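Have a look at the structure below, then the notes.
FYI, side chains are in, hydrogens and waters are out, and symmetry mates aren't considered; it's all heavy atoms of this structure. Indexing begins at 1, ligand by ligand and atom by atom, following the structure's order. All values derive from a computational prediction rather than experimental measurement.
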Amino acid sequence: MKRDNFKIAVFAGDGIGPEIMKEALKILKIISDKKKIKLQLGEGLVGGCAYDRFGVPLPDPSLALARKSDAVLLGAVGGPKWESLDYSVRPERALMGLRRELDIFANLRPIVVFDELLDASPLKKNIVRGIDIMIIRELTGDVYFGKPRGVKKGKDGKRRGVNTMAYSEDEIRRIAIRAFEIARARKKNLFSVDKANILESTELWRDVVTEVGRSYSDITLKHMYVDNCALQLIRNPAQFDVIVTTNLFGDILSDEAAMLTGSIGMLPSASLGDKTALYEPIHGSAPDIAGKNIANPLATILSVALMLRYSLSLPREADLIEEAVGETLKAGFRTRDIYQKNKKLVGTEEMGNVVAKKLCKLIN
Ligand code: IPM
Ligand code: MG
């Protein structure tokens, strides 16, 4: 039976977080009203705002709320106010804590170039037209969490910094399975990216992905070294459908790929685990423009679409939100970050309202 009742944790965070979240929740409400789905939204503090109140970026009540939710919707965290804090209580640590504690190991970063924003890309139009790549980044292993780590003074009195790049075969297998499943629902074309010519942990990565691939004979699997992938993303991005890669390589390649679209303000993400999932825009908290009603809410709105698709089993409604965003752009509405001459400059709230109106029309 289809579920009609979900618990969603809402963490607006810092900077522009609260403004963009407000617009995303508007869109979510339209869907829940129309589909008669009961959503229990629980708000919590994470990031700098949580530090100000509790002295830690990920307080226990917020983590508990996330744990008992079907999905977490997050705005953005961080800002100059907290940059001088000790590393262990910086706002970004909340993201690491959520990733580890919720075991959300599969980070999906769709890179889609909207036709209407082709001019925003720094690359030639014929290279980026129609780009639709799904980057799947492993999110709970690798140097981000490997031990030992830290900076220590040696016997010679000199400091030495250490991080450990490590993957177990189980960690690789579960992300590989997700990647093959996602590739199956797309163009069945999967690139696994590693540095197996020099790093043993990713030699294992390549072996395990190849093993998993034996059960997916309908998917074309190719392996690529990360340095070559960085080059190919600029040279010929159209060759990519789904990319699966390690935590650190995925961090870097997804920022690079984001620039194909020209505007990081448009890109959503999903981080999936076996029990829950977290949805957030790829961009940061943009403290310089916070509170001015000029931030672009579209990446957060598109994150809601991903939540409907992957956590709420509403793929049709997810498509409709993406369509509504496309129509909004087609109609010429632009926030400042994606503004082009002769288009209609709108603020955060108006952008949300236009998408909401388009969505209402599409849904009826
Ligand atoms: C990302 C970010 C984070 C990461 C930072 C803020 C810790 O760059 O989500 O890509 O490196 O994972
Ligand atoms: Mg990053």
| Is the closest side-chain donor-acceptor distance between Q232 and N228 under 3.5 Å? | yes
| query | Side chains of S285 and D14: do they bring a donor and an acceptor to under 3.5 Å? | reply | no
| query | Counting heavy atoms only, which of R99, M96, R109 comes nearest to atom 12 (O) of ligand 1? | reply | R99
| request: Using protein heavy atoms only, decide if any is under 4.0 Å from atom 7 (C) of ligand 1. | output: yes
| request: Return yes when atom NZ of K22 has more than 12 non-hydrogen atoms of other residues, nucleotides or ligands closer than 6.0 Å, and no otherwise. | output: no
| message | Looking at D60, I want to see if its CG is surrounded by more than 12 non-hydrogen atoms of other residues, nucleotides or ligands under 6.0 Å. | response | no
| message | When you measure from the Mg ion (ligand 2) to the N, O or S atoms of D251, does any of those distances fall below 2.8 Å? | response | yes
| query | Side chain or backbone of R137 under 4.0 Å from ligand 1, or both, or neither, by non-hydrogen atoms? | reply | side chain
| query | Of all heavy-atom pairs between H283 and A299, which one has the smallest distance, and what is that distance? | reply | CD2-CB, 3.8 Å
| task | Would you please classify the geometry between the F180 ring and the Y216 ring as parallel, tilted or perpendicular, with 30° and 60° separating the classes? | result | parallel
| Considering only heavy atoms of Y144, which atoms of ligand 1 have at least one such atom less than 4.0 Å away? | 4 (C), 11 (O), 12 (O)
| field | Closest protein heavy atom (residue, atom, distance) for atom 2 (C) of ligand 1 | value | D251 OD1, 4.0 Å
| task | Return yes when R90 approaches ligand 1 closer than 4.0 angstrom through a heavy atom, no otherwise. | result | no
